[in-house]
S.K.: 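Okay, here's the structure, questions in a sec.
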2 protein chains.
Amino acid sequence: MSKKATIYDIAKELKITAATVSRALNNNPKISEKTRELVQATATKLNYKQNKLALALKSGKSKNIGVVVPYINRIFFSSVIRGIEDELYPKGYHVIIAQTHDNKEKELKILQNLLNEQVDGILISSSYSNNEKHKLDYLVKKNTPFIFFDRKLNFPNISSVTLNDYQGGYDATKHLIEQGCMRIAHFLVDQELELYKNRFKGYKDALEKSGLPFLPEYVVTLKSDIEAGREAAKTIMKLPLPPDAIFSSTDYGLLGAVQYLNELSVKIPDDFCVVGFSNAPFTQFLETSISSVDQSPVEMGKTAAKVFLEQIENEQTVKICKNVVLPAKLIVRKSSGKIN
Amino acid sequence: MSKKATIYDIAKELKITAATVSRALNNNPKISEKTRELVQATATKLNYKQNKLALALKSGKSKNIGVVVPYINRIFFSSVIRGIEDELYPKGYHVIIAQTHDNKEKELKILQNLLNEQVDGILISSSYSNNEKHKLDYLVKKNTPFIFFDRKLNFPNISSVTLNDYQGGYDATKHLIEQGCMRIAHFLVDQELELYKNRFKGYKDALEKSGLPFLPEYVVTLKSDIEAGREAAKTIMKLPLPPDAIFSSTDYGLLGAVQYLNELSVKIPDDFCVVGFSNAPFTQFLETSISSVDQSPVEMGKTAAKVFLEQIENEQTVKICKNVVLPAKLIVRKSSGKIN
DNA sequence: TTGTACGCGTTATCAC
DNA sequence: GTGATAACGCGTACAA
């Protein structure tokens, strides 16, 4: 296979200058119709394709954006990326993805690498908590736009797109109360992360508003997996006065709990109601489908992409910063459907 | 924020040449220890970072590879990408992803774009069938390595990593026969695509080998979703002699069928056995967990990445081409577990 | 050991 | 309208 054709090749062919070729190709008005056609003809003839790398070096815009997530094969993140790609591809951007594996040092390296790659922006769901966000300080202050999604860090003047986790927690708990549940337990995942704290807060506020007592022994902190959920359920069901419902910040943890409750022959939803968070695909496929709070991940991705575009388009004029909060949507299914 | 520092900036600072700086930074042996240290010191002082774009233009290697899939948020594809990224990131490559939405023209455009971006390789699960693969002919013949995964197109001298779909279909069917099933239906997805044909072939051969008749009315072609599966089940259960098992090429279609069978109060696995394909996450979470053929997607991604690396490393010497076929793994669960 | 000069492929700014 | 030249940031043959 021969080398790729450049504008010089087509210039030589036509005995004109590369500059002229460039102008013709870019539909510069100051060019004769004749040469334009001639150039375009030979361009297709030689199968010329613009080298985006050279353009990027020249213009300082790579038309690449970096997307950084813990693991790309978690359905939530892959759906966000889907939204980002859907939105950005038509605008000529390419999406570079990188996984942190929830490792903070790796995240740091990835960010540096992406910046060296001259990405035009970075969309990230960070592994850092707000306590240690200062380690990213010098990166965020560079010229490249940062947009945080889902897992946000509070930097002044930095945009973010997050879910209204507080409202999600509140709605879920309120719904359980409306179903007649009086002793609602909560599965909490990571006290460090803002979004889990907010769901927890929503839970507490909903209890308070309804005059139900908040009982610390009804709150279990656990990892987001089935086994941990099973153990957590075991713990709360051993209490002198076991709960009659769970609002869980993790669908997987909740699944483990449901499995354990089934073994105890506890009837869901008749004697026990549960609501999860994330709306993982499996929740709707179970015989006793599980209510859960949907995070609209694709929408979140699209929104993050739009915020990025706004920011990049207004670069010269004003530095804009937006903090979008998307609504959480409670999806009621059989697991909490006493009334219907 | 100030502009990014270049080697010129640090050269000026030290009153030496950019060339010397470059050499010092790249640990060129022909450089005095003193200047090396000096350069490195001022480099960190000025917060210098190599501009990968310039390097890419210079070297002709962008250290980016393109990964092309139908939809990135399908668990199979996101898992493959996870494998690819895990393998390639440590080698200094970045992964650019693009979604075809199963649209062939879009796929074509994406490939051209990626090539213009000067990616060092393309890993793709194509939307094209072998009948129309000639439309990609001129792309594949370029210098950039192509590697097909899962959905393969048969080009001479082009590498691929695929699943042994035939074996998967064979094993699944054989397993059902061993469970005592005598009238095994098959859910076929897309007759055009090689991989579905292969699963179908495995099904037929397993029947034949066991002396069971192949009955065309037991084969239903359907889309890969729940509703279609439900309809397909309706169709086969209306037959004069309904089947007593299904081997489905799609887990989602099978789920629809299982739901319908539940409504008919058909007992699974006692009176009816089912095996799916893909090992979708939900299959293991159902009360009656569903047997399915696992495709080891992460492994497939890693393998594809390795094949790419081999190819790129031996570029100068011999053009190597590998066609790796990964084993399909039948996972037996309750839905076909009569015997245990 | 270091400096000089050039090229990677484009586009932009001058001239003419 | 078109040509000549410089510049983006880097690495490297060649010369010194």
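Because the structure is a prediction, the values reported are computed rather than measured. All chains are named by letter (A, B, ...) in the order of the sequence lines, taking the proteins before the strands, and each is independently numbered beginning at 1.
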S.K.: Quick one: is A/T17 getting a side-chain N or O under 4.0 Å of the D/dA4 phosphate, OP1 or OP2?
M.R.: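 Indeed, a polar side-chain atom of A/T17 lies that close.
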S.K.: Find the distance A/K12:NZ to D/dG3:P and express it as a whole number of Å.
M.R.: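 To the nearest whole Å, that distance equals 15 Å.
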S.K.: Under the 6.0 Å and 45° cation-pi test, does B/K135 pair with B/Y128?
M.R.: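 Pair B/K135/B/Y128 does not count as cation-pi.
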S.K.: Whether B/S59 contacts D/dG11 is assessed here as follows: a side-chain N or O lying under 4.0 Å from the phosphate OP1 or OP2. Is that the case?
M.R.: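 For D/dG11, OP1/OP2 do not have a side-chain N/O of B/S59 under 4.0 Å.
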S.K.: Separation of B/K34 atom NZ from C/dT1 atom P, in whole Å?
M.R.: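 Going from B/K34 (NZ) to C/dT1 (P), I get 13 Å.
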S.K.: Look at all strands and tell whether B/L53 reaches a base, only sugar-phosphate, or nothing, counting heavy atoms closer than 4.0 Å.
M.R.: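 B/L53: no heavy atom of the nucleic acid under 4.0 Å.
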S.K.: What does the B/S/- profile of nucleotides 10-16 of chain C look like, 5' to 3', with a 4.0 Å heavy-atom cutoff to protein?
M.R.: BBBB---
S.K.: May I have the distance from B/I16 (atom CD1) to D/dG11 (atom P), rounded to whole angstrom?
M.R.: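 Result: 14 Å.
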S.K.: To the nearest Å, how far apart are B/E33 CD and C/dT2 P?
M.R.: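 Rounded to the whole Å, the gap is 11 Å.
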S.K.: Between A/R151 and A/E194, does at least one N-O distance fall below 4.0 Å, as a salt bridge requires?
M.R.: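 No, A/R151 and A/E194 are not salt-bridged.
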S.K.: Would one find a side-chain N or O of B/T20 under 4.0 angstrom from OP1 or OP2 of C/dG3?
M.R.: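 For C/dG3, OP1 or OP2 has a side-chain N or O of B/T20 closer than 4.0 Å.
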S.K.: Is it true that A/D86 and A/R82 have a side-chain N and a carboxylate O under 4.0 angstrom from each other?
M.R.: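 A/R82 and A/D86: salt-bridged.
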S.K.: A/L14 CG to D/dT2 P: how many Å, rounded?
M.R.: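 Answer to the nearest Å: 11 Å.
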S.K.: What nucleotide, of C/dG9, C/dG3, C/dT1, holds the atom closest to the side chain of B/L57?
M.R.: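 Shortest atom-to-atom distance from the side chain points to C/dG9.
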S.K.: Should the heavy atoms of other residues, nucleotides or ligands under 6.0 Å from NZ of B/K302 be counted, would the total exceed 12?
M.R.: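 Atom NZ in B/K302 is not crowded, with 12 or fewer foreign heavy atoms closer than 6.0 Å.
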S.K.: Is it possible for you to check whether A/K63 lies under 6.0 Å from the centre of the six-membered ring of A/Y93, through NZ or CZ, and within 45° of that ring's axis?
M.R.: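 Here A/K63 passes the 6.0 Å and 45° test against A/Y93.
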S.K.: How about B/N64 and B/E117: does a side-chain donor come under 3.5 Å of a side-chain acceptor?
M.R.: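 There is no such pair (donor and acceptor under 3.5 Å, judged by atom type) between the side chains of B/N64 and B/E117.
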S.K.: Would you indicate what A/T35 reaches in the nucleic acid, counting non-hydrogen atoms under 4.0 angstrom: base, sugar-phosphate, or nothing?
M.R.: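 Result for A/T35 = sugar-phosphate.
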